[in-house]
Amino acid sequence: MTSLRTARPGDREALYALWAACFDAPHVVPLYETDPGRYGRTFVTGDVSACVYYLPRRLHDGLGGEVRAGGVANVAAHPSVRGRGHVRRLLALAAEAMAADGCAWSLLFTGTPGVYKEWTGFELRTVSGPLRRTGPAGRGLRRIPAGEAAVLREVYERHNARRPLTAVRDEAHWRDRLPIWYGDPVELLAGDAGYAAVRWDGGVLDVLEVAGDLAGVLSALAAEAAARGVRAGRARLTWDEPALPHLFASVVRERDRTGMARAILGDPGPVVGAENAAHWPADYF
């Protein structure tokens, strides 16, 4: 049987070659390199033909507290070794390590849920629809360089303190990880009491994250979209968000079904199943 082990610094080039063969995702390597303990939480076959990595992450539990979760990422098997059970065995090793690491549960986001037999899918509520027609903007939103995103930290923490599944972002997260996710073509747009991370995606306004005075931010986004000739949008906002009419003329209720969770030392259900749960893209693993 193929041997399994944790990765070592000498595996760096082999890991990066494996991911290049499996993913078209340029953010994978720079995100991985922000984690100083990455090799000890990367599980590989002896020849580095398959791997699984997890990153401990503090998340809000929705009650004002925090929970430690293990975010699974960079799961890969070279095409030449697929179908041999390597990923399944590596995931089992990662789950054992998460338990020893004090993770209450494991979290991942994927488009291939069939790989993760021990994880259970959950849904996050999102919305889409035609944007509200509006006149010229008053005091609009200013663009914040992604490298200076930490100026938004106070607004983020106030807005998400009781929002289930949102990440507890430390200084390193704001400095190192957030600019990777919210660099170009994403725009960070801030007003007096709130901000949004958006992408103008093929004539559609895609609101990836929003915090603070949502009515003010969404109204300013509607004006900006009108100025750009953009008439449709989608947003990671819950169906009952009172500020929705400030951006949308009408709303289509949708579900993001990419999330999966697994109990390790505790039950993830109350957090991932909350109606107002959210996990912003800048917090992916």
Side-chain angles (χ1 to χ4, degrees), residues 60 62 109 122-146 148-149 151-167 169 178-179 181-259 274-284:
H60 295 110
F109 293 87
F122 63 88
E123 299 177 345
L124 296 178
R125 296 183 175 190
T126 64
V127 296
S128 66
L131 300 179
R132 180 174 69 89
R133 299 293 184 87
T134 183
R139 297 190 68 180
L141 301 171
R142 66 190 184 279
R143 188 163 183 182
I144 303 293
E148 300 174 13
V151 299
L152 307 173
R153 184 173 180 174
E154 183 178 348
V155 176
Y156 172 87
E157 291 178 348
R158 190 165 57 244
H159 185 86
N160 291 289
R162 300 183 72 87
R163 188 80 181 265
L165 203 58
T166 55
R169 296 176 179 169
L178 191 138
W181 285 115
Y182 288 167
D184 289 334
V186 175
E187 296 180 8
L188 274 173
L189 303 173
D192 291 339
Y195 71 87
V198 306
R199 182 171 51 209
W200 306 93
D201 186 9
V204 176
L205 168 61
D206 189 2
V207 182
L208 304 176
E209 176 175 333
V210 63
D213 171 20
L214 296 196
V217 172
L218 296 185
S219 293
L221 284 177
E224 178 66 22
R228 297 185 184 217
V230 174
R231 298 185 176 181
R234 53 181 175 259
R236 292 167 181 259
L237 293 167
T238 55
W239 300 343
D240 59 354
E241 170 53 56
L244 287 177
H246 290 272
L247 180 60
F248 293 98
S250 62
V251 169
V252 177
R253 295 178 171 184
E254 297 184 344
R255 295 175 171 86
D256 179 342
R257 295 186 170 93
T258 60
E275 291 186 357
N276 63 332
H279 197 79
W280 309 117
D283 303 319
Y284 287 163

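The model shown is predicted, which means the values in this text are computed figures rather than measured ones.
The backbone N or O of Asn276 lies less than 3.5 Å from a partner atom in the side chain of Arg163, making a donor-acceptor pair. Judged purely by atom type and a 3.5 angstrom limit, Arg234 has no side-chain atom pairing as donor or acceptor with the backbone of Asp206. Counting only distance, with no hydrogens or angles, the side chain of Glu241 and the backbone of Ala243 share a donor-acceptor pair below 3.5 Å. Using modelled atom types, no side-chain atom of His60 and backbone atom of Leu165 make a donor-acceptor pair closer than 3.5 Å. Asp213 places a side-chain N or O within donor-acceptor distance of the main-chain N or O of Gly216, the cut-off being under 3.5 Å. For the pair Trp239 (side chain) and Glu254 (backbone), a donor-acceptor distance under 3.5 Å is present.
Looking only at side-chain heavy atoms (C-beta outward), Phe109 and Asp256 stay at 4.5 Å or farther from each other. Under the 4.5 Å side-chain criterion, counting only non-hydrogen atoms from C-beta, Val252 is not in contact with Val127. Under the 4.5 Å side-chain criterion, counting only non-hydrogen atoms from C-beta, Val207 is in contact with Leu221. At a threshold of 4.5 Å between non-hydrogen side-chain atoms, the residues His159 and Leu214 count as touching. Inter-residue side-chain proximity for Leu188 and Leu152 is flagged as met; some heavy-atom pair is nearer than 4.5 Å.
At most 12 heavy atoms of other shown residues, nucleotides or ligands fall within 6.0 angstrom of atom CD in Glu154. Heavy-atom contacts from other residues, nucleotides or ligands closer than 6.0 Å to CZ of Arg231 number 12 or fewer.
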ask   = Under the salt bridge (charged side-chain N to carboxylate O under 4.0 Å, His left out) criterion, do Arg228 and Glu187 qualify, and how do the steps go?
value = CA-CA 14 Å; Arg228 297 185 184 217; Glu187 296 180 8; 3.2 Å; yes

request  = Under the side-chain hydrogen bond (donor to acceptor under 3.5 Å, both in side chains) rule, what do Tyr195 and Glu209 come out as? Steps first, then yes or no, please.
outcome  = CA-CA 8 Å; Tyr195 71 87; Glu209 176 175 333; 2.6 Å; yes

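Stacking of Arg169 on the aromatic ring of Tyr156 is recorded, both the 6.0 Å distance cut-off and the 45° axial limit being met. Annotation: cation-pi geometry not satisfied between Arg236 and Trp280 (NZ/CZ under 6.0 angstrom from ring centroid, within 45° of ring axis).
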